[in-house]
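In what follows, chains carry the letters A, B, and so on, assigned in the order in which the sequence lines appear, proteins first and then strands, with residues in each chain numbered from 1. As a basis for the values below, the full set of heavy atoms in this structure was taken, side chains included, without hydrogen atoms, waters or symmetry mates. If you're wondering where the values come from, they're calculated on a predicted model, not measured in any experiment.
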There are 2 protein chains.
Amino acid sequence: MAAQIAPILDDLEQASALEHLQTVIERLRDSFAVDHLVYHWVNSSGEQYGCGTYDPVWVQRYIDQGYLRIDPVISGCFQRFHPVDWKRLDWSSKAARAFLQDALGHGVGNQGFSIPIRGPNGQFALFTVNHSCDDATWEAFTERHRKDLILVAHYFNQKALEFEPGRTPEPAQALSPRELEAMTLLAVGYNRAQAAQSLDISEHTLRVYIESARFKLGALNTTHAVARALSRGIIVV
Amino acid sequence: MAAQIAPILDDLEQASALEHLQTVIERLRDSFAVDHLVYHWVNSSGEQYGCGTYDPVWVQRYIDQGYLRIDPVISGCFQRFHPVDWKRLDWSSKAARAFLQDALGHGVGNQGFSIPIRGPNGQFALFTVNHSCDDATWEAFTERHRKDLILVAHYFNQKALEFEPGRTPEPAQALSPRELEAMTLLAVGYNRAQAAQSLDISEHTLRVYIESARFKLGALNTTHAVARALSRGIIVV
DNA sequence: TTTCAACTCCCCCGATCCGGTGAGGGGTGC
DNA sequence: GCACCCCTCACCGGATCGGGGGAGTTGAAA
């Protein structure tokens with residue numbers, strides 16, 4: 001089980017098309033000798049892209065049922081930085097347990113280990129290794145391959161970002177410092193009058209920034225603009 | 001130069017106080033045999049925290065001069081996912097070249113390699129290795145230690161996040177499904193009328209959800225509520 | 001030098017949102 | 001049985017936002 005991932009990573013780095021990723025992930029699964037390996041990109045618009053070894057029926061069902069919104073792996077990893085064992089997530093809600101049952105019924109193993117990965121503009125992805133075994137075996141596995149998995153996740157996301165079309169046209173429209181300040185103040189609950197006072201400018205000037213930011217962000221209204229700024233990671237609350 | 005970083009990483013994982021990070025980073029620098037190693041957390045509100053081996057005079061100057069805003073390493077890495085060699089950044093602006101001259105004059109080496117790292121809530125940090133040598137030597141070094149550096153950056157950020165005060169204290173009262181839907185629709189730019197139509201309910205009902213969500217999230221207004229929902233990761237846009 | 005982006009200020013008015021107060025039915029849990 | 005929460009619907013007045021004008025300075029890039 002001494003997975004030799006270095007050559008696979010090198011191959012991954014050479015990959016020139018999206019389809020190659022599927023091949024690579026299958027080789028990695030064999031190398032790690034686990035049931036499933038999945039790379040799952042959660043687009044900030046709710047779209048999803050992924051490749052992995054789950055049953056396609058399950059993947060489709062996951063999408064159709066909107067499991068993205070209730071999957072504890074997603075919500076749990078989204079608030080964490082470190083890789084997380086599925087056992088440590090919150091499965092207490094009824095919806096979560098039903099989801100888990102459904103997953104197990106579609107060939108998903110009982111053990112999981114997911115690594116959250118983040119890229120520019122609020123990109124968020126998961127690299128998950130999944131298996132069926134007892135807790136002790138699983139802990140030994142994750143402990144042993146933790147570093148390798150982090151690296152694999154990193155390399156995988158790097159490739160996925162390269163292949164993603166329509167990346168880096170948007171961020172060209174960076175917000176100006178004042179616009180960022182305006183967005184930030186709105187995001188923490190200030191209304192226009194308060195934000196203007198806080199920046200020591202007239203309310204009208206503030207409005208100019210907001211409108212400008214709205215335009216640059218392609219937003220339909222202020223709330224939308226703040227939401228986009230947040231999910232692209234250009235402001236933080 | 002065969003850096004044995006594994007034991008240092010293990011030590012890092014055991015670190016129980018912020019001060020330990022400074023010790024660890026110095027050991028890592030010696031292990032890699034480079035001039036400088038820096039971990040630099042960049043809060044978008046302008047605050048900074050970091051530890052590393054740069055001359056404290058330079059660190060203070062960096063902050064005082066507001067170099068954060070013009071440093072090509074920051075702006076360049078912020079839009080990238082993969083580690084980046086300083087030579088590949090855009091140094092064309094006058095301000096950037098002046099900054100570089102100032103840096104070199106304060107003991108910063110001519111070669112640099114920075115790894116962007118991102119955490120939850122838009123957290124952004126840099127792990128940088130810096131040295132003085134010729135291009136060929138540097139390329140060989142980065143090529144050789146790329147994987148190790150990625151891992152070190154990852155572990156370092158993990159620790160920094162653990163020590164960061166005010167992380168994950170939120171009890172996070174859960175929103176009801178309808179409230180989540182309402183927040184999500186608002187976050188993608190719908191106004192109340194559109195969102196209500198989209199959910200096939202009256203606008204008044206929608207308002208009840210929004211108000212309820214606002215209350216649960218402790219938000220001052222709708223924009224604030226959406227911002228909180230986003231940054232807590234309970235909705236995804 | 002000229003252009004251009006960022007920053008600052010002003011008025012008006014219709015559209016939209018907020019806050020308060022109200023009511024009723026359905027489900028879950030003690 | 002009785003809370004308690006979730007879902008649904010309604011009216012109104014005042015606050016806020018959004019879009020439409022126009023105008024001046026500064027500083028950096030081309």
Inset, instruction - Assign each of B/A95 and A/Y190 to its nearest nucleotide of DNA chain D by heavy atoms, then name whichever residue's nucleotide is nearer the 5' end. - result: A/Y190
Inset, instruction - Could you tell me whether the phosphate oxygens of C/dC7, OP1 or OP2, come under 4.0 Å of any side-chain nitrogen or oxygen in A/S176? - result: yes
Inset, instruction - Return yes if a side-chain donor-acceptor contact under 3.5 Å exists between B/N157 and B/Q123, otherwise no. - result: yes
Legend entry - Minimum heavy-atom distance A/S132-A/N110, with the two atoms named: CA-OD1, 3.1 Å
Inset, instruction - Can you tell me the distance, in whole Å, between the CG atom of A/L206 and the P atom of D/dG18? - result: 11 Å
Inset, instruction - Report the distance from atom NE2 of B/H204 to atom C1' of C/dG19, rounded to the nearest whole Å. - result: 13 Å
Legend entry - Heavy atoms from other residues, nucleotides or ligands near CD of A/E13 exceed 12 (cutoff 6.0 Å): yes
Inset, instruction - To the nearest Å, give me how far apart CD (A/E203) and P (C/dT8) are. - result: 15 Å
Inset, instruction - Classify the nucleic acid contact of B/T205 as base, sugar-phosphate or nothing, counting any heavy atom under 4.0 Å across all strands shown. - result: base
Inset, instruction - Could you tell me whether A/T222 contacts a base, only the sugar-phosphate backbone, or nothing, with contacts defined as non-hydrogen atoms closer than 4.0 Å? - result: sugar-phosphate
Legend entry - A/R178 CZ - C/dC9 C1' separation (whole Å): 13 Å
Legend entry - Closest-nucleotide 5' rank along DNA chain D - winner of B/S202 and B/N221: B/S202
Inset, instruction - Rounded off to whole Å, could you give me the CD-to-P distance for the A/E179 and C/dA5 pair? - result: 12 Å
Inset, instruction - Establish, with yes or no, whether the OP1 or OP2 oxygen of D/dC5 is under 4.0 angstrom from a side-chain nitrogen or oxygen of B/K216. - result: no
Inset, instruction - Answer yes or no: is there an ion pair linking A/R207 with A/E203, defined by an N-O contact shorter than 4.0 Å? - result: no
Legend entry - Donor + acceptor pair across side chains of A/Q111, A/D135 (<3.5 Å): yes
Legend entry - Touch class at under 4.0 angstrom, heavy-atom based, for A/R192 against every strand present: base
Legend entry - Presence of donor-acceptor pair under 3.5 Å, side chain of A/R207 and base of D/dG19: yes
Inset, instruction - Counting heavy atoms from C-beta on, name the nucleotide in D/dT16, C/dT8, D/dC11 closest to the side chain of A/V208. - result: C/dT8
Legend entry - Nearest-Å distance for atom pair NE2/P, residues A/H224 and C/dT16: 17 Å
Inset, instruction - Go through D/dC11, D/dG19, C/dC17 for me and flag the one nearest to the B/N191 side chain. - result: C/dC17
Inset, instruction - Side chain of A/I201 only, please: which of C/dC17, C/dT8, D/dT8 is the nearest? - result: C/dT8
Inset, instruction - Starting from P on C/dC17, measure out to CD on B/E211 and report it in whole angstrom. - result: 13 Å
Inset, instruction - Provide, to the nearest angstrom, the distance between the CD atom belonging to A/Q194 and the P atom belonging to D/dT16. - result: 8 Å
